[in-house]
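Written below as structure tokens is the structure these notes are about.
Bear in mind that the values here come from a model prediction, so they are computed numbers and not experimental data. Below, chain A is the first sequence line, B the second, and so on; all start at residue 1. Note: hydrogens, waters and symmetry copies are ignored here, and every other heavy atom, side chains too, is used.
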Amino acid sequence: MKYYLTTPIYYVNAAPHLGTAYSTFAADLIKRFKKMEGYDPVVLTTGSDEHSLKVERAAQAADVNPLAYTTKMAAEFISQWAKLGIDYDHFIRTSDPKHHETVRWLFERCKKNGYIYKGSYTGAYCVSDEAYVNDVNPGDPCPTCGNPTETVTEENYFFKLSAFQKPLLELYEKSPEFVKPDHRRNEMIAFVQQGLNDLSITRTNIQWGIPAPVEGHHVFYVWFDALISYMSAVKDDDLWPADLHLIGKDILRFHAVYWPAFLMAADLPLPKKIFAHGWILHEDNKMSKSRGNVVRPGPIVDVVGADALRYFLLREITFGQDGSFSYDALIQRYNADLANGLGNLASRTLTMIHQYRNGVIPDSPGSSDIAEAARRTTEITMDAFCEFNFSRGLETLWSFISVIDKFIVERAPWKLGKDTSDFAQKMLDEVLYSAAEALRILSAWTHPVMPNSARNIWIQLGMTAPIESVTFADLHWGKLPAGQKIGSVAAVFPRVDASAIVKMENLEVQEKARQAELFGAAKAAVSSAVTPEASAAAGGEKISIDDFVKVELRVGQVVSAERVKGADKLLHMKVDIGEEQPRTIVAGIAESYPAEAMLGRKVVIVANLAPRKLRGIESNGMIVAASLEGGKPVLAGFLEDVPVGARLK
RNA sequence: GCCGGCGUAGCUCACUUGGUUAGAGCGACGGUCUCAUAAUCCGUAGGUAGCAGGUUCGAGUCCUGCCGCCGGCACCA
């Protein structure tokens, strides 16, 4: 029976970091686990999401065509995955002609079934960026460049998402396994119950995208492109539907709502399961470029190996929840679990077999207590892994390790070795066989999580069949052949000390610089010292002084401020900017600035912004604040005292 | 603001439907063994189960209120 699973396809504007590596590690683990369960073939798809205006611009700035640009970026992912030892089968790029064909095919099917219509899309458009701005109301300032947006209407193709409210709710109801974990499923139900709006699925202002098979220039918009790659990758292989889409919680809605709706519209089978995992936090903070706390996997792999990182992430973090990464915690777990635990068990067991039995596995049925412990360990771990509860599964395996360690100490084989009586020698055989057999089972079990280290132990045990071919049927007690000659012993997880952290941190600095150069190739072509983000933030083009003076910035003083009822972020203020009446301004700053703190405060106001109603209150202007990605706004202010009404220019 | 979740030892978490002195791993401390990677093993310390009430013979477990944290939506950016 086949098993087809996918990672998200990764957007090529940023290099792989710990979060993307995490998704991919987990997918790789599940692939190997499913193989052990006996599924065949087990196919894993990953890839790159390459179309967008932003990519088009970045390529332009780098003075290369978009395909050349994204090829370079995709190559970075491919080389990272190689370094991390990811065993994927397909790397699908959305720029692949095969994918273009699939997208158009799916579009035609949806259209034939009556779920596509041409309509007009009205949205906020930023003239200076020449781009539609999503999730912004017309008249709001553009989030990228800050210029006011305009309301523009454009002919677009729409997907009738609204028609799928009921079918989706039925799907969630009938297939409780479709969205996992359960609380995510509940969120999706709540979201769909609120009603669904049709989706605009094409754009006319983008060149770098998949042309829609319609009159005029229309290119498919992100989700009616990226999602379909899961299908494109295996279109000819009879693998659809996917058994699992593994994703991060941030893109759940697209996978759990849009994607099944597209497929239903096209009358195609639905994926079996969408599993949303959590985020990796860096020392309890969300990783983001603007905070500069992004951790990359490469340096960690260079110092402690990919297996150690994989083990850490999957053991430390309950799969599905957010979790925290720190170099410190990594090293601690490495030493405690891998070096002192599994590594040491392998080392002591194999050394004793060399020492007392000339490197030959003794002939003994082993201890029945240990055999029973092994059986229960497999049973519990199997349940945990089947539910993708990897941390629980690993915990179970490690408690088995401690059972063996305890068993060895109780039987004291080093004493038995000195006792030549038959009884003692038979007992010694039993101890050594039990430990070795436990080790064989443990290495097979840990193979999906730590492929290289597990193979290492497997080979040291003298096993000849490739560990990749092991299935759970091979895990029964007693399958370790007596008389087998074991290999030479070498530490699988040498202990590391705090200097490893320094090494990783130093390498991280280098890796950051390397990636910045790679992904910042645009900067050389644009202008001397601007990064791609900065140039994008500046709108990608220069404006004249005339453009600037159109924006009337004035100093104002807050004369009253109160929270807007029913909104977390809104502050309703009256601001004196030297006019007869104070202006009414509603601003989304309440989370960082309580009303009391605003009273009397001098602020910078965009005075000639078109009025806009927010929660029923007409706002006449906007307060200038630094807006950090994912962070709270910080108000602009002055170091010297400035009279109310003064113009900024 | 609406909906949902969580709050148990220094850290990470467990405790099946309410039932004896609330457990585990890591970390700390003390001891032990010598096969082993200053590893293993044994032991010790450490918890008013967020706070306050209530139901009950009995509550970490059920109910209410409050405090704190998180997620989704709204809203904002």
Side-chain angles (χ1 to χ4, degrees), chain A residues 133-137 140-144 146 181-195 249-250 252-253 276 278-279 281 284 315-318 321-324 326 328-329 332-356 391-392 394-396 398-399 401-418 428 431-432 435 489-497 563-571 586-592 614-616 619 622-623 625-633:
Chain A
V133 182
N134 292 300
D135 306 326
V136 159
N137 291 303
D140 279 2
C142 168
T144 25
D182 292 334
H183 68 275
R184 297 287 164 205
R185 171 170 168 266
N186 294 339
E187 284 173 15
M188 288 303 106
I189 292 171
F191 176 76
V192 173
Q193 274 172 343
Q194 291 190 333
K249 65 181 184 183
D250 48 326
L252 177 60
R253 188 193 302 174
W279 284 333
L281 309 175
D284 298 329
R315 169 63 185 85
E316 183 89 359
I317 301 166
T318 302
Q321 297 188 312
D322 289 356
S324 206
S326 72
D328 218 44
Q332 191 179 312
R333 209 167 254 294
Y334 176 95
N335 281 332
D337 291 4
L338 298 179
N340 299 353
L342 182 58
N344 185 243
L345 177 64
S347 177
R348 69 194 307 201
T349 301
L350 295 165
T351 302
M352 285 190 285
I353 291 172
H354 274 294
Q355 198 164 319
Y356 301 123
S391 54
R392 172 68 67 84
L394 288 167
E395 193 182 355
T396 306
W398 257 254
S399 67
I401 290 176
S402 91
V403 166
I404 309 303
D405 272 330
K406 191 175 196 163
F407 171 74
I408 291 173
V409 168
E410 278 168 0
R411 299 296 177 95
W414 45 94
K415 283 178 186 158
L416 296 171
K418 289 171 190 156
L428 181 56
V431 175
L432 296 180
V489 185
V492 187
F493 303 107
R495 258 185 98 77
V496 296
D497 58 33
R563 289 286 292 269
V564 175
K565 252 202 300 181
D568 284 347
K569 298 183 182 173
L570 292 181
L571 222 48
V586 180
I589 57 172
E591 283 183 315
S592 4
L614 295 169
R615 282 267 155 162
S619 179
M622 133 185 185
I623 294 190
S627 47
L628 307 166
E629 193 185 329
K632 292 179 176 173

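- Atom CZ of A:R392 has 12 or fewer neighbouring heavy atoms from other residues, nucleotides or ligands inside a 6.0 Å radius.
- Residues meeting the side-chain contact (heavy atoms from CB on, under 4.5 Å) test with A:F191, sequence neighbours left out: A:L196, A:R253, A:V257.
- Residue A:P413 comes nearest to A:V431 through the heavy atom pair CG-CG1, 4.0 Å, listed as atom of the first residue, atom of the second, then distance.
- Rounded to whole Å, atom P of B:U40 lies 7 Å from atom CG of A:D405.
- The listed nucleotides are B:A14, B:U40, B:C33; the one nearest the side chain of A:R348 is B:U40.
- Map A:K406 and A:A491 each onto its nearest nucleotide of RNA chain B; the residue landing nearer the 5' end is A:A491.
- Between the C1' atoms of B:A52 and B:G7, the separation comes to 15 Å (whole Å).
- Within 4.0 Å (heavy atoms only), A:E410 reaches no atom of the nucleic acid at all.
- A gap of 7 Å separates the C1' atoms of B:U8 and B:G47, to the nearest Å.
- A:S402 comes within 4.0 angstrom of sugar-phosphate atoms only, judged by non-hydrogen atoms across all strands, and of no base.
- In this view, A:R315 satisfies the side-chain hydrogen bond (donor to acceptor under 3.5 Å, both in side chains) rule with no residue, not counting sequence neighbours.
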Inset, instruction - With side chain to side chain contact (heavy atoms under 4.5 Å, CB included) as the test, would you mind laying out the steps for A:F493 and A:D337 before giving the verdict? - result: CA-CA 10 Å; A:F493 303 107; A:D337 291 4; over 6 Å; no

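- In this structure, A:Y356 OH and A:L428 CG are separated by 7.5 Å, a value rounded to the nearest 0.5 Å.
- If you check B:U40, B:G27, B:C35 against the side chain of A:Y356, the one that comes closest is B:C35.
- Which of B:U40, B:G27, B:C35 sits closest to the side chain of A:Q355 comes down to B:C35.
- For the pair A:L281 CG and B:C69 C1', the interatomic distance rounds to 13 Å; values are reported in whole Å.
- What separates CD of A:E395 from P of B:G23 is a distance of 17 Å, to the nearest Å.
- The residue A:P494 sits close to a base: some heavy atom pair falls under 4.0 Å.
- Judged by distance alone, the side chain of A:T351 and the main-chain N or O of A:R348 form no donor-acceptor pair under 3.5 Å.
- Summarising the geometry, the separation between CG on A:L571 and P on B:A77 is reported as 13 Å, rounded to the nearest angstrom.
- For the pair A:E316 CD and B:A24 P, the computed distance is 20 Å after rounding to whole Å.
- As rounded to whole Å, 14 Å separates atom C1' of B:U40 from atom NZ of A:K415.
- In this view, A:A412 and A:W414, A:K415 satisfy the side-chain contact (heavy atoms from CB on, under 4.5 Å) rule, not counting sequence neighbours.
- Across the protein-nucleic acid pair, A:R333 atom CZ and B:G25 atom C1' stand 8 Å apart, rounded to whole Å.
- For the C1' atom pair drawn from B:G5 and B:A28, the interatomic distance equals 33 Å after rounding to whole Å.
- Across the protein-nucleic acid pair, A:N344 atom CG and B:C41 atom P stand 9 Å apart, rounded to whole Å.
- At the phosphate of B:A39, OP1 or OP2 sits under 4.0 Å from a side-chain N or O atom of A:R495.
- Closest to the side chain of A:T351, out of B:C13, B:C35, B:C26, is B:C35.
- When all heavy atoms are compared, the tightest approach of A:A276 to A:K249 is CB-CA, 3.9 Å.
- For the side-chain hydrogen bond (donor to acceptor under 3.5 Å, both in side chains) test, no residue two or more places apart in sequence or in another chain qualifies with A:N344.
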Under 3.5 Å, N/O pairs linking protein and nucleotides 71-73 of chain B:
residue : atom : partner : partner atom : Å
B:G71   : O2'  : A:R184  : NH1          : 3.1
B:G71   : O2'  : A:E187  : OE2          : 2.6
B:G72   : O4'  : A:E187  : OE2          : 3.4
B:C73   : OP1  : A:R253  : NH2          : 2.3
B:C73   : O2'  : A:Q194  : OE1          : 2.7
B:C73   : O2'  : A:Q194  : NE2          : 2.7

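- Residue whose closest nucleotide on RNA chain B sits further toward the 5' end, between A:T318 and A:N186: A:N186.
- Pairing analysis of RNA chain B (Watson-Crick: purine N1 to pyrimidine N3 plus N6-O4 or O6-N4; G-U wobble: N1-O2 and O6-N3; both under 3.5 Å) yields stems of 3 or more pairs at B:1-7 with B:67-73, B:10-13 with B:23-26, B:28-31 with B:41-44, B:50-54 with B:62-66.
- Looking at the side chain of A:Q321, the nearest of the listed nucleotides B:C13, B:C26, B:U40 is B:C13.
- Contact annotation for A:V492: base contact, defined as any heavy-atom pair under 4.0 Å involving a base atom.
- Going from the C1' atom of B:A9 to that of B:G23 covers 10 Å, rounded to whole Å.
- The side chain of A:S347 approaches B:A36 more closely than any other nucleotide in the set B:C41, B:A36, B:U34.
- A gap of 12 Å separates the P atoms of B:C62 and B:C15, to the nearest Å.
- Taking the P atom of each, B:G58 and B:G18 are spaced 15 Å apart, rounded to whole Å.
- B:G30 sits 14 Å from B:A39 when the P atoms are compared, rounded to a whole Å.
- For the side-chain contact (heavy atoms from CB on, under 4.5 Å) with A:T349, the qualifying choice from A:I404, A:D405, A:V489, A:I408 is A:I408, the only one to do so.
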